[in-house]
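Scroll down for the structure; my scribbles are underneath it.
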Protein chains: 2
Amino acid sequence: MKTVEDLTERFRERGLRVTPQRQAIFGLLHADASHPTVETLHERARSSMPTISLKTVYQTVHDLEAMGEVELIHLGTGSVRVDPNVEHAHHHLICTVCGNVRDVLVDVRDLRLPARDRRGFTVADVEVHFRGVCDDCAARQLS
Amino acid sequence: MKTVEDLTERFRERGLRVTPQRQAIFGLLHADASHPTVETLHERARSSMPTISLKTVYQTVHDLEAMGEVELIHLGTGSVRVDPNVEHAHHHLICTVCGNVRDVLVDVRDLRLPARDRRGFTVADVEVHFRGVCDDCAARQLS
DNA sequence: TTAGCAGACGACAATGATTGTCGATAAACT
DNA sequence: AGTTTATCGACAATCATTGTCGTCTGCTAA
């Protein structure tokens, strides 16, 4: 993910205003590998900026998505997660218990649909979800 | 998907009651390849049974899932979809415009995570989503 | 066949995630 | 510094889904 300064620049180019709220969110996302939910981002932002509203976080995250600076991913964990890693193609490993997400590197070049399966469709993207249980949750489930 | 009779049998075995509502849902799901949402199932069920409630459809669908007779899939289209095809391993091709879903056959045997990526995790399942636009939506978007 | 009960039914309200509205505010340009 | 106009945050609304609860009914045992 780009730095706070780069994103500030890109927002200005687009005619979007740069506010302390937005810069706080830029900072939180920079080099974050935790795939936070919007709610989680909001909580983190509030520790340094207690009045920031959830709406503002949603809005900024959607602006970032429109600019291609983050991806919003639906992993079946209830809420959308923000993935700041758009520079490197990757896929996801999801804990079906706690919802935590890890980036994984998988080569999907061999993963193409036979012609009969893609007839009538223009395929744009392939997304691979590995599902399982993380060790923490596995340990917790024994008790 | 099993027949209405088979599912009736399996529900009884489990100590679950078989009601006309449930049998109507069994019938709708049998050999359905449309991956309906729960809402859509409810609408279809109402044409033959006008008083059936949405809650009942949700409940029956969850019971079927618990028995492994259907899969509830989250494809980022807003609501859960019911997939009655659990007999044959398959993956999904999703239209990002209208949300329609098609089953596709892809061999994912080669798709394994390197040890470093699955450390600390017990991987149970792999799910592949192909995303694109169906011809109908592509034509509609030109207008 | 009937009685009794666990479980299902449907109406309604509640939840959680997300988005719309809108007056006040403040960033950016002049 | 003033003007413009997008953003902020409070609040209400929406959508998908689930909880509550009183009533009803399939199922089983007598």
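In the text below, chain A, chain B and the rest are named by the order of the sequence lines, each starting its count at 1.
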### Under 4.0 Å protein heavy-atom contact, by nucleotide of nucleotides 2-16 of chain D - B base, S sugar-phosphate only
---BBSSB------S
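- Put simply, CZ on B/Arg12 is 13 Å from C1' on D/dT25, counting in whole angstrom units.
- In this structure, B/Ile25 places its CD1 atom 11 Å from C1' of C/dC9, rounding to the nearest Å.
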Under 3.5 Å donor-acceptor pairs involving side-chain atoms of residues 87-94 of chain B, not counting sequence neighbours:
| residue | atom | partner | partner atom | Å |
| --- | --- | --- | --- | --- |
| B/Glu87 | OE1 | B/Met1 | N | 3.1 |
| B/His90 | ND1 | B/His88 | O | 2.7 |
| B/His90 | NE2 | B/Asp83 | OD2 | 2.8 |
| B/His90 | NE2 | B/His92 | NE2 | 3.3 |
| B/His90 | NE2 | B/Asp103 | OD1 | 3.4 |
| B/His91 | ND1 | B/Val128 | N | 3.0 |
| B/His92 | NE2 | B/His35 | NE2 | 3.4 |
| B/His92 | NE2 | B/Asp83 | OD2 | 2.8 |
| B/His92 | NE2 | B/Asp103 | OD1 | 3.4 |

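- C/dT18 atom P lies 12 Å from atom CG of A/Leu41, rounded to whole Å.
- At a threshold of 4.0 angstrom between heavy atoms, the contacts of A/His42 with the nucleic acid are absent.
- Other residues sharing the hydrophobic cluster of A/Val133, ordered by chain and number and joined by side-chain separations under 4.5 Å: A/Val97.
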### Query
Could you walk me through whether B/Gln21 and B/Thr60 pass the side-chain hydrogen bond (donor to acceptor under 3.5 Å, both in side chains) check?
CA-CA 9 Å; B/Gln21 289 88 336; B/Thr60 303; over 6 Å; no
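- Ring centroid separation for the pair A/Phe11 and A/Phe26 comes in under the 6.0 Å cut-off.
- Rounded to whole Å, atom P of C/dA17 lies 10 Å from atom CG of A/Leu54.
- Of the residues in residues 92-102 of chain B, not one comes within less than 4.0 Å of DNA chain C through any heavy atom.
- Note: the hydrophobic cluster containing B/Leu113 also contains A/Val108 (ILVMFWY, side chain heavy atoms under 4.5 Å, direct or indirect links).
- Separating the CD1 atom of A/Ile73 from the C1' atom of C/dT18 is a distance of 17 Å, rounded to the nearest angstrom.
- Within the 4.0 Å cut-off from OP1 or OP2 of D/dT17, not a single side-chain nitrogen or oxygen of B/His62 is found.
- One atom, CD of A/Glu9, and another, C1' of C/dA28, lie 14 Å apart when rounded to the nearest Å.
- Checked by atom type and distance alone, the side chain of A/His42 never pairs as donor or acceptor with a backbone atom of A/Thr56 at under 3.5 Å.
- In this structure, A/Leu72 places its CG atom 12 Å from C1' of C/dT18, rounding to the nearest Å.
- Salt bridge annotation for A/Asp63-A/Arg14: absent, with no cationic side-chain nitrogen under 4.0 angstrom from a carboxylate oxygen.
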Using a 3.5 Å cut-off and no angle test, enumerate the donor-acceptor pairs between side-chain atoms of residues 64-77 of chain B and protein atoms at least two apart in sequence or in another chain.
| residue | atom | partner | partner atom | Å |
| --- | --- | --- | --- | --- |
| B/Glu69 | OE1 | B/Lys2 | NZ | 3.1 |
| B/Glu69 | OE2 | B/Lys2 | NZ | 2.8 |
| B/Glu69 | OE2 | B/Arg10 | NH1 | 2.6 |
| B/Thr77 | OG1 | B/Arg81 | NE | 3.2 |

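- Residues satisfying the ring-ring contact (aromatic ring centres under 6.0 Å, His included) test with A/Tyr58, not counting sequence neighbours, are none.
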